[in-house]
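Written below as structure tokens is the structure these notes are about.
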Amino acid sequence: MTDTSNTRPADREARAPRQSPLHRLMRYLPLIAPVLLWAVPCWVLLYTGQHWPLPVALTGTALLVLGLVTMPLAMARGHGRRQQDRAAIVGDTLLGASWILFTWSVLLGTLLRLALTLTGVGESQDRARIVTWAVLGVTAVLLAWGYAEARRVPRVRRLDVQLPRLGAGLDGLRVALITDTHYGPLDRARWSQRVCETVNTLEADLVCHTGDIADGTAERRRAQAAPLATVRATRARVYVTGNHEYYSEAQGWVDLMDELGWEPLRNRHLLLERGGDTLVVAGVDDVTAESSGLAGHRAHLDGALDGVDGDLPVLLLAHQPKFIDQAVAGGIDLQLSGHTHGGQIWPFHHLVRLDQPALAGLTQHGPRTLLYTSRGTGFWGPPFRVFAPSEITLLVLRSPQQPAPMQP
């Protein structure tokens with residue numbers, strides 16, 4: 001075969017951009033990370049001066065090696081083509097446990113050992129063994145507490161949000177937000193029902209779900225999602241897709257939410273009127289939608305605001321906080337998002353902040369736009385929440401304008 005290109009192979013290779021060491025490292029991260037998560041605790045707990053009896057050292061090592069081998073295999077079977085729920089539960093649980101064990105082996109192992117050395121407590125072997133038992137104890141407590149936090153019905157977080165352009169007739173409008181329910185391998189149908197019951201106690205005018213309903217197709221997770229049909233709102237129930245819908249036949253979730261009585265805001269809007277004033281409630285597909293290959297799925301703010309009066313305040317639903325740059329450019333008043341889970345398991349939030357402009361709570365962006373980022377209602381993957389509690393949010397919208405006096 002003849003190469004008809006004017007550029008020789010050597011020239012093409014010379015012109016190809018060279019990857020930085022960091023980029024090359026990131027390519028191997030999926031292989032390196034599991035080894036680090038299990039090897040570091042193994043070294044810190046068993047081989048840094050403890051001098052355990054040989055049976056203890058061998059047993060501990062065998063358990064950690066078993067975790068290292070089982071975790072990726074179970075996750076591959078659980079989240080790969082096989083989609084085996086039991087395997088996913090095992091793999092996800094081991095992932096969360098190894099992350100907590102790794103974190104506290106490094107942090108507590110280093111700091112406690114230093115403190116014991118500086119204060120002259122015990123001999124070297126005694127200090128090493130104190131560190132081991134302390135790390136194991138803290139890990140056990142955090143796993144138990146984190147599991148209970150993940151499986152509980154979230155607390156309601158209430159806050160007032162003033163929107164300068166909101167008309168007086170809409171002052172006090174109650175907006176309930178749930179997001180990242182992540183119905184998945186662990187059956188949470190009863191939990192879903194209790195979440196919906198809690199939302200109904202808020203007597204919201206507008207109820208929003210900002211995506212990541214589930215891990216799995218609508219057909220597989222229908223029973224867990226079914227209680228969403230019982231959610232009540234005086235005006236509307238609205239929904240936008242998250243990135244996890246695009247791992248699991250997103251159109252099926254859009255259709256199911258429509259069937260359950262929710263309004264999918266796929267790059268469109270509706271008008272909410274009260275007291276002579278109007279609020280635009282708009283929604284966009286997740287930012288990953290276009291790369292999914294599904295026809296018509298993409299994040300398109302101009303389409304969502306097509307025909308909107310520019311003087312009206314706009315509430316935008318967008319799954320990921322990173323959409324805020326487009327929201328600012330589009331003059332949005334308030335964007336509601338989820339996705340971050342508040343980091344879910346501390347200190348993972350530091351990695352989340354590398355990808356997202358906000359982790360949780362209300363933040364200002366530009367002269368007009370506010371962003372509220374929920375820590376999420378459920379959990380993804382590992383059934384633990386550590387220092388990142390889940391939430392159901394009630395936002396009460398406030399107008400700076402005084403309502404008109406009543407006429408006699």
Side-chain angles (χ1 to χ4, degrees), residues 157-180 204-211 236 238-243 265-272 274 277-289 298-340 342 352-376 391 393-401:
R157 185 180 185 191
R158 296 172 168 85
L159 71 158
D160 288 357
V161 180
Q162 186 177 95
L163 301 181
R165 298 200 304 161
L166 191 72
L170 290 164
D171 183 75
L173 189 80
R174 299 166 69 86
V175 180
L177 171 62
I178 58 175
T179 184
D180 299 273
D205 300 294
L206 177 70
V207 181
C208 309
H209 194 309
T210 53
V238 293
Y239 154 74
V240 293
T241 56
N243 56 303
L265 294 181
R266 296 201 47 250
N267 304 317
R268 50 186 292 267
H269 69 270
L270 55 82
L271 301 179
L272 196 157
R274 194 179 75 177
D277 290 302
T278 302
L279 174 69
V280 178
V281 181
V284 291
D285 291 341
D286 183 64
V287 294
T288 62
R298 60 176 179 139
H300 185 40
L301 183 58
D302 288 344
L305 300 180
D306 185 38
V308 167
D309 182 342
D311 292 330
L312 295 178
V314 181
L315 170 66
L316 175 70
L317 277 60
H319 177 66
Q320 298 196 39
K322 67 170 60 175
F323 196 77
I324 192 63
D325 289 341
Q326 295 187 51
V328 170
I332 300 301
D333 297 84
L334 174 62
Q335 175 179 316
L336 302 183
S337 298
H339 185 70
T340 68
V352 175
R353 286 304 301 268
L354 296 177
D355 183 55
Q356 300 292 336
L359 185 71
L362 190 66
T363 51
Q364 178 82 43
H365 300 264
R368 174 190 295 176
T369 307
L370 293 173
L371 165 66
Y372 185 81
T373 306
S374 168
R375 289 189 298 256
E391 67 178 80
T393 318
L394 179 66
L395 301 103
V396 181
L397 304 188
R398 294 299 181 186
S399 168
Q401 306 173 34

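This is a predicted model, so every value here is computed, not measured. These numbers come from the heavy atoms of this one structure, side chains and all, not from hydrogens, waters or symmetry mates.
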**Message:** Whether the side chain of Gln364 engages the backbone of Gly366 through a donor-acceptor N/O pair (distance < 3.5 Å, no angle test) should be reported.
**Reply:** yes

**Item:** Nearest atoms (heavy-atom pairs only) where Leu362 meets Tyr372
**Value:** N-CD1, 3.8 Å

**Message:** Determine whether a donor-acceptor pair (N or O, by modelled atom type, separation under 3.5 Å) exists between the side chain of Arg368 and the backbone of Gly331.
**Reply:** yes

**Request:** Quick one: closest heavy-atom pair of Ser374 and Thr340, and the distance?
**Result:** O-OG1, 3.9 Å

**Message:** Nearest 0.5 angstrom please: Ile324 CD1 to Thr373 OG1, how far?
**Reply:** 8.0 Å

**Request:** Working to the nearest 0.5 Å, report the span between NE2 of His209 and CG of Leu177.
**Result:** 9.0 Å

**Message:** As an exercise, state the distance from CG of Leu170 to OG1 of Thr278, rounded to the nearest 0.5 Å.
**Reply:** 7.0 Å

**Message:** Go through it in stages, so that I can follow the logic: the residues are Val280 and Leu271, the test is side chain to side chain contact (heavy atoms under 4.5 Å, CB included), and I'd like the CA-CA distance, side-chain angles, deciding distance and then a yes or no.
**Reply:** CA-CA 5 Å; Val280 178; Leu271 301 179; 3.7 Å; yes

**Request:** Please test Thr179 against Leu336 for side chain to side chain contact (heavy atoms under 4.5 Å, CB included), starting from the C-alpha separation and ending with a verdict.
**Result:** CA-CA 10 Å; Thr179 184; Leu336 302 183; over 6 Å; no

**Message:** Are Val175 and Val161 packed together at the side-chain level, in the sense that at least one heavy-atom pair is separated by less than 4.5 angstrom?
**Reply:** no

**Asked** Within the distance-only criterion (no hydrogens, no angle test), does the side chain of Asp333 pair as donor or acceptor with the backbone N or O of Leu315 below 3.5 angstrom?
**Response** no

**Message:** Assess, by modelled atom type and distance only, whether the side chains of Asp286 and Gln320 contain a donor and an acceptor separated by less than 3.5 Å.
**Reply:** yes

**Asked** Salt bridge between Arg266 and Asp285, side-chain N to carboxylate O under 4.0 Å?
**Response** yes

**Item:** Between CG on residue Leu301 and CD on residue Gln326, distance to nearest 0.5 Å
**Value:** 6.5 Å

**Request:** Mark yes or no for whether Arg157, through its side chain, and Thr393, through its backbone, hold a donor-acceptor pair below 3.5 Å.
**Result:** no

**Prompt:** In Å, rounded to the nearest 0.5 Å, how long is the span from CG of Leu370 to CD of Gln335?
**Reply:** 10.5 Å

**Prompt:** With respect to His319, which candidate in Asn243, Thr210, Thr241 satisfies the side-chain hydrogen bond (donor to acceptor under 3.5 Å, both in side chains) definition?
**Reply:** Asn243

**Item:** Separation between CG of Asp171 and CG of Leu397, rounded to the nearest 0.5 Å
**Value:** 9.0 Å

**Message:** Strictly distance-based, threshold 3.5 Å: is any side-chain N or O of Ser337 a donor or acceptor partner for the main-chain N or O of Ala318?
**Reply:** yes

**Request:** Let me see the working for Arg274 and Asp205 under side chain to side chain contact (heavy atoms under 4.5 Å, CB included), right down to the final yes or no.
**Result:** CA-CA 11 Å; Arg274 194 179 75 177; Asp205 300 294; 3.8 Å; yes

**Request:** Answer whether the closest heavy-atom distance between the side chains of Asp277 and Gln401 falls below 4.5 Å.
**Result:** no

**Item:** For the student: nearest non-hydrogen atoms of His339 and Gln356, plus distance
**Value:** CD2-NE2, 3.3 Å

**Asked** How close do Pro313 and Leu279 get, heavy atom to heavy atom, and via which atoms?
**Response** O-CD1, 3.5 Å

**Asked** Quick one: does Arg165's side chain have a donor or acceptor within less than 3.5 Å of a partner on Leu312's backbone?
**Response** yes

**Message:** Checking the side chain of Asn267 only, and the main-chain atoms of Arg298 only, is there a donor and an acceptor separated by less than 3.5 Å?
**Reply:** yes

**Message:** Ignoring hydrogens, what is the shortest heavy-atom contact between Ala304 and Gly283? Give both atom names and the distance.
**Reply:** CB-O, 3.6 Å

**Asked** At their closest point, which heavy atom of Leu371 faces which heavy atom of Pro321, and how far apart are they?
**Response** CD2-CB, 4.0 Å

